[in-house]
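Shown next, in structure tokens, is the structure this report addresses.
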Amino acid sequence: MTTVDLGVPGLGRSARQLQVITRFKVTAADMAELEQLRHLRVTLLFTYSGITDPRIEPIAKSNITVTSIRTAAAHKQRTGVVLYWRPIVPGWNAAPETMAHVLDIGRGVDGIVFTGYYHKADNAAYLQKLGVKGPFGPDDFHRRKAMSQELDALVVNAWKASGIATQGPLMPAKSRACSRGYQPIACLVGSEVVLAP
């Protein structure tokens, strides 16, 4: 991770919060740098899906993201750490054992935010070229990330059964409620990341 000097006094209130969505390497030294920032509150949102098919998830064979989540969770004090579980897709990573695996990785984070899959024509064509069976019908395209109520309920039930306790909640990314009442916690609302003050 490359760090820049962001700990500059005098930043306006709106500039004090920084959310970084990543799936790459974060070390203990990186966390020490982030913890030193006094005029900026950083929340790391680690994208992780649990998908093991490298045609769908090119970094599936690597443990970089999992190691980074665990490293960040172990070294955080001021820095927020959120597992951004995306996408959750029937047939790809919605099996109970996969959900249990992803939730286990989320132990020690401040919150877990989850969302479905944005099925578009270009995504479907790309997956078809790779020989991957799409999660939806050939013409069942979406205007936003889709997640059925049944799949949402499976995620929530898997979380409850896991017994893990995060400092913040398990929240669907579509919910504005995750931006209030928990500190620190971040969530995606549309394309905007919202962090509780």
Check whether the side chains of Thr79 and Glu35 place a donor and an acceptor atom closer than 3.5 Å, and report yes or no.
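Judged by distance alone, the side chains do pair up.
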
Check whether any side-chain heavy atom of [X] lies under 4.5 Å from a side-chain heavy atom of [Y], and answer yes or no.
X: Val82; Y: Val109; result: no
X: Tyr84; Y: Thr115; result: yes
X: Ile56; Y: Val89; result: no
X: Tyr118; Y: Arg86; result: no

Does Leu151 belong to the same Ile/Leu/Val/Met/Phe/Trp/Tyr cluster as Leu83, with side-chain heavy atoms less than 4.5 Å apart forming each link?
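As far as the 4.5 Å side-chain criterion goes, Leu83 and Leu151 are connected within one cluster.
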
Examine Ile51 and Ile59 and state if one hydrophobic cluster contains both, with Ile, Leu, Val, Met, Phe, Trp and Tyr joined whenever side-chain heavy atoms are less than 4.5 Å apart.
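Ile51 does not cluster with Ile59.
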
Would Asp152 and Phe114 count as a side chain to side chain contact (heavy atoms under 4.5 Å, CB included) if you check the C-alpha gap in whole Å, the side-chain angles of each, and the deciding distance to 0.1 Å?
CA-CA 9 Å; Asp152 188 281; Phe114 65 94; 3.5 Å; yes

Just do the side chain to side chain contact (heavy atoms under 4.5 Å, CB included) check on Arg70 and Ile105 with the steps written out, would you?
CA-CA 7 Å; Arg70 290 182 172 148; Ile105 289 166; 3.7 Å; yes

Check: [X] side chain, [Y] main-chain N or O, donor-acceptor pair, under 3.5 Å:
X: Ser68; Y: Phe24; answer: yes
X: Asp104; Y: His101; answer: no
X: Asn93; Y: Thr98; answer: no
X: Asn157; Y: Ala153; answer: yes

Atom pair [atom1]/[atom2] of [X] and [Y] - distance to nearest 0.5 Å:
X: Leu45; Y: Ile112; atom1: CG; atom2: CD1; value: 12.0 Å
X: Thr47; Y: Glu57; atom1: OG1; atom2: CD; value: 9.0 Å
X: Phe46; Y: Ile64; atom1: CZ; atom2: CD1; value: 12.0 Å
X: Met99; Y: Ser162; atom1: CE; atom2: OG; value: 11.5 Å
X: Arg78; Y: Thr43; atom1: CZ; atom2: OG1; value: 10.0 Å
X: Thr65; Y: Lys25; atom1: OG1; atom2: NZ; value: 12.5 Å

Tyr117/Trp92 aromatic ring centres below 6.0 Å:
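Yes, ring centres under 6.0 Å apart.
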
I need the minimum non-hydrogen distance between Pro87 and Gly116, along with the two atoms involved.
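Heavy-atom minimum between the residues: CB-O, 3.2 Å.
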
Checking side chain to side chain contact (heavy atoms under 4.5 Å, CB included) for the pair Thr71/Asp30: CA distance, chi angles, key distance, verdict?
CA-CA 10 Å; Thr71 299; Asp30 295 328; over 6 Å; no

Kindly check if the number of other-residue, nucleotide or ligand heavy atoms within 6.0 Å of CD (Glu97) is above 12?
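Yes, enclosed.
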
Could you go through Val155 and Met147, starting from their C-alpha distance and side-chain angles, then the distance that decides it, and tell me whether this counts as side chain to side chain contact (heavy atoms under 4.5 Å, CB included)?
CA-CA 11 Å; Val155 171; Met147 187 169 213; 3.8 Å; yes

